[in-house]
Visitor: 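Here it is, the structure, as structure tokens.
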Protein chains: 2
Amino acid sequence: MTDRTPARERLLRAASELFYNDGVVATGIDAITARAGVAKMSLYNNFASKADLVQAYIQSRHEEWQGLCRERMEGAASPRERVLAVFDSYLDHAAFEYQRGFRGCGLYNAAAELPAGDPGRAAVAAQKEEAERLIREALREMLPDDEARAGETAEHLSFLLEGAMTRAGLEGHDARLKAARRIAASVLDQL
Amino acid sequence: MTDRTPARERLLRAASELFYNDGVVATGIDAITARAGVAKMSLYNNFASKADLVQAYIQSRHEEWQGLCRERMEGAASPRERVLAVFDSYLDHAAFEYQRGFRGCGLYNAAAELPAGDPGRAAVAAQKEEAERLIREALREMLPDDEARAGETAEHLSFLLEGAMTRAGLEGHDARLKAARRIAASVLDQL
DNA sequence: CAAAAGGTAGACAGATCGGTCTACCTAATG
DNA sequence: CATTAGGTAGACCGATCTGTCTACCTTTTG
């Protein structure tokens, strides 16, 4: 083939787009290989099963967000800005997905399709934990003598963030996320 | 059959359980009719298609929540309590679903499986709008001379509520929802 | 009693599902 | 040059999908 990108990467990219747009269960193996421009056997040479591919999808989306978030964090001069950087990383994600039809958090949407005990749900929960942790650590710097309050406020801001993402996903644009960022800023002002 | 409950109702109840637990796309027609104890043709005599049944499922979940919320509202003595009643209605939903494995908001989870333009997504967005509206109207009574602030606070509390539901669903219990209720109460205290 | 309404079991259709297998084809490497 | 690693197309498998159809059965109602 003219395209020299390894099959595994092309499959993951194709799966990413289809899983996000159409849902995990509704997306068939054949649709993925067709979009990747790859033979079906290449999928099973790189992934043990569809479930394995879904796991890899969740992992890669998590890492993608970590990348966006790290960049935003590096550009943040103060703990306060680091809190808002987490909000910005969600806005980045929304902007990235906007062209193809923004449908909210790809990780949560995938988790919503998995049954109660599935390890994929725990992986998604871990990403939400990580976002809250990043907020909490920045808040600890802002409130060095009140760790309890830092923890409560971090939970508060995490709910704001995830709730705005839920609403934004349903509405198809990022206005709610922008509002949440403003609200978060005013919560920080009141500390 | 010994059970005289009409087929349509039994189908909707069976679909409700399976859709919530296993996901909409992953649940097949045959599984629904089997659980309802009903012939396959009875499904197609009552619903035009699976998509139609999904629409009815979303509608019935919305109405179920409206019922829980109305009850909570009636037991609320003040505008402040009416705001918290909306949080309680979400807690009721979590408690109700807890036995079979709590997986978060059934409406949002269903929406997460629908493609971008699907009318089901708009119906779910409408439920979130309604929750925010109920909060906003109570807040207007508390802040009769500051409608702007009532609106902003309502959005803030809606994000809190939906974000906590997201987190709670991923974690499988209602601790996050209880935390959100506490945070909401303290936000109300600061008005 | 007769008609109508609602429900039954199960066969059936065509499509699609996830997954396997074979036989062949390159391109890089020792 | 020979081997090996990775990729190809496409047939194939059994299971399952949504949806249709027939022929029969019960219960209610006029």
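Here is how names work: the chains are called A, B, and so on, in the same order as the sequence lines, proteins then strands, and each is numbered from 1.
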Visitor: Kindly write out the residues that satisfy salt bridge (charged side-chain N to carboxylate O under 4.0 Å, His left out) with A:E132, not counting sequence neighbours, or none if the list is empty.
Guide: A:R136, B:R167, B:R176
Visitor: In whole Å, what is the span from the CG atom of A:N46 to the C1' atom of D:dA5?
Guide: 12 Å
Visitor: Out of C:dG19, D:dT20, C:dT22, which has the shortest distance to the side chain of A:Y44?
Guide: C:dG19
Visitor: Could you walk me through whether B:E162 and B:Y90 pass side-chain hydrogen bond (donor to acceptor under 3.5 Å, both in side chains), step by step?
Guide: CA-CA 9 Å; B:E162 302 301 339; B:Y90 274 48; 2.6 Å; yes
Visitor: Start with the C-alpha gap between B:Q59 and B:Q55, add the side-chain angles, then the distance that decides, and say whether side-chain hydrogen bond (donor to acceptor under 3.5 Å, both in side chains) holds.
Guide: CA-CA 6 Å; B:Q59 170 108 9; B:Q55 275 294 118; over 6 Å; no
Visitor: Students often mix this up, so state it plainly: with edges at 30° and 60°, are the rings of A:H93 and A:F102 parallel, tilted or perpendicular?
Guide: perpendicular
Visitor: Calculate the interatomic distance between A:L43 atom CG and C:dG19 atom P; express it in whole Å.
Guide: 9 Å
Visitor: Are OP1 or OP2 of C:dG6 and a side-chain N or O of B:S42 less than 4.0 angstrom apart?
Guide: no
Visitor: Tell me which of A:S49 and B:A39 sits closer to the 5' end of DNA chain C, going by the nucleotide each one is nearest to.
Guide: B:A39
Visitor: Answer with yes or no after comparing the ring centroid distance for A:Y20 and A:Y57 against a 6.0 Å cut-off, counting only values under it.
Guide: no
Visitor: Between P on C:dG19 and CZ on A:F47, what's the gap in Å once rounded to a whole number?
Guide: 13 Å
Visitor: Should A:E141 and A:E137 count as side-chain neighbours, where that means a heavy-atom distance under 4.5 Å?
Guide: no
Visitor: Counting any heavy atom closer than 4.0 Å, what does B:A7 reach on the DNA or RNA strands: base, sugar-phosphate only, or nothing?
Guide: sugar-phosphate
Visitor: Roughly, in whole Å, what's the span from CG in A:N45 to C1' in C:dG18?
Guide: 15 Å
Visitor: Measure CG/A:D52 against P/C:dG18 and give the value in whole Å, please.
Guide: 14 Å
Visitor: Encode nucleotides 11-17 of chain C as B, S and - characters from 5' to 3', where the letter depends on protein heavy atoms closer than 4.0 Å: B to the base, S only to sugar-phosphate, - to neither.
Guide: -------
